[in-house]
K.L.:
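Okay, handing you the structure first.
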Amino acid sequence: QVQLIESGGGSVQPGGSLRLSCAASGNSNHILWMGWFRQAPGKEREGVAVTSTHNSNTYYADSVKGRFNITRINAKSTVWLQMNGLKPEDTAFYYCVARDGALAMAWAERPADFGYWGQGTQITVSS
C-alpha cells in the first residue's frame, strides 16, 4: 500500500512563489509516475505536472508551463512542485498523485488513471 504525504501550500500574493512536497511511503517500487492534480471550486480536477520515477521525463499542463517546475529529489519517493509567478487562477486544492502504469497522452484530463492520492493542500493566490 502506498501513502502520499503532502506538505507546503498556503496563501500568497499574485506573482509570489510556493513549493509543495510529496513523499511516498510504503511499497512504492511499482510507482512509475508521480505528480500533482488540482481542483478549484466548481471545476473538475485537472493535471498540473507529472514526473517519471524511472527517467527524466516530465510533463506540464499548458497553464503552468514556464512557471511551475516538478522535481524528483530521490530514487522514487519524493517530489517537489516549485510554483513561481502564481496567479489568482492557480487557487485550488492541490493533490499529490501516483500511478503504476503507463501515462496517457491526455493524462491531465484523466484523474481516474492515478490510483494513489494524497490528502490535498490548499493554495490561495490573492492580493
K.L.:
Enter the distance from Phe114:CZ to Asp100:CG here, rounded to the nearest 0.5 Å.
P.N.:
10.5 Å

K.L.:
Hey, could you give me the CD1/OG distance between Ile123 and Ser11, rounded to the nearest 0.5 Å?
P.N.:
8.0 Å

K.L.:
So which of Val50, Leu20, Val64 actually passes side chain to side chain contact (heavy atoms under 4.5 Å, CB included) with Trp36?
P.N.:
Leu20

K.L.:
Are any side-chain N or O atoms of Thr53 and backbone N or O atoms of Ile31, one a donor and one an acceptor, separated by less than 3.5 Å?
P.N.:
yes

K.L.:
I need the minimum non-hydrogen distance between Ala92 and Ala40, along with the two atoms involved.
P.N.:
CB-N, 3.8 Å

K.L.:
Is Met34 reachable from Trp107 through a run of hydrophobic residues whose side-chain heavy atoms are each under 4.5 Å from the next?
P.N.:
no

K.L.:
Find out if a path of hydrophobic residues (ILVMFWY) with successive side-chain heavy-atom gaps under 4.5 Å connects Val2 to Leu103.
P.N.:
no

K.L.:
Only counting residues at least two apart or in another chain, list the ones meeting side chain to side chain contact (heavy atoms under 4.5 Å, CB included) with Thr51.
P.N.:
Thr58, Ile70, Arg72, Val79

K.L.:
Step by step, work out the salt bridge (charged side-chain N to carboxylate O under 4.0 Å, His left out) result for Asp62 and Lys65.
P.N.:
CA-CA 5 Å; Asp62 288 344; Lys65 282 181 181 176; 3.1 Å; yes

K.L.:
Under the rule for ring-ring contact (aromatic ring centres under 6.0 Å, His included), what residues qualify as partners of Trp117, not counting sequence neighbours?
P.N.:
Phe37, Tyr95

K.L.:
So does Arg110 have more than 12 non-hydrogen atoms from other groups sitting under 6.0 Å from CZ?
P.N.:
no

K.L.:
Which heavy-atom pair separates Thr78 from Ser21 by the least distance, and what is that distance?
P.N.:
CG2-OG, 4.0 Å

K.L.:
Got a sec, which residues hit side chain to side chain contact (heavy atoms under 4.5 Å, CB included) with Gln122, two or more places apart in sequence or on another chain?
P.N.:
Thr91, Phe93, Thr124

K.L.:
List in chain and number order the residues that pass salt bridge (Lys or Arg N to Asp or Glu O under 4.0 Å) with Glu46, two or more places apart in sequence or in another chain; answer none if no residue qualifies.
P.N.:
Arg38

K.L.:
Does the Arg99 side chain pair with the main chain of Gly115, one donor and one acceptor, at a distance under 3.5 Å?
P.N.:
no

K.L.:
Which heavy atom in Cys22 sits nearest to a heavy atom in Leu4, and how many Å separate them?
P.N.:
SG-CB, 3.9 Å

K.L.:
Set out, in order, the CA-CA distance, both residues' side-chain angles and the distance that settles side-chain contact (heavy atoms from CB on, under 4.5 Å) for Phe68 and Asp90, then state yes or no.
P.N.:
CA-CA 11 Å; Phe68 290 13; Asp90 294 317; 4.0 Å; yes

K.L.:
Counting neighbours of CD on Gln1 that are heavy atoms of other residues, nucleotides or ligands and sit closer than 6.0 Å, is the number greater than 12?
P.N.:
no

K.L.:
Tell me, please, which residues at least two apart from Ser17 pass side chain to side chain contact (heavy atoms under 4.5 Å, CB included).
P.N.:
Gln82, Asn84

K.L.:
Could you tell me if the side chain of Lys87 sits less than 4.5 Å from the side chain of Arg67, heavy atoms only?
P.N.:
yes

K.L.:
Looking at residues at least two apart in the chain, or sitting in another chain, which of them share a side chain to side chain donor-acceptor pair (under 3.5 Å) with Ser52?
P.N.:
Asn55

K.L.:
Rounded to the nearest 0.5 Å, what separates atom CG in Leu81 from atom CG in Asn69?
P.N.:
8.0 Å

K.L.:
Donor-acceptor check, side chain of Arg45 to backbone of Pro111, threshold 3.5 angstrom: yes or no?
P.N.:
no

K.L.:
State yes or no: do Leu18 and Tyr60 share one hydrophobic cluster built from I, L, V, M, F, W and Y residues joined by side-chain heavy-atom distances below 4.5 Å, directly or via other members?
P.N.:
yes

K.L.:
Determine whether a donor-acceptor pair (N or O, by modelled atom type, separation under 3.5 Å) exists between the side chain of Glu6 and the backbone of Cys96.
P.N.:
yes

K.L.:
Over 60° means perpendicular and under 30° means parallel, so tell me whether Tyr116 and His30 are parallel, tilted or perpendicular.
P.N.:
perpendicular

K.L.:
Working to the nearest 0.5 Å, report the span between OG of Ser77 and CG of Asn29.
P.N.:
10.0 Å

K.L.:
I need the minimum non-hydrogen distance between Pro14 and Ser127, along with the two atoms involved.
P.N.:
CD-N, 3.7 Å

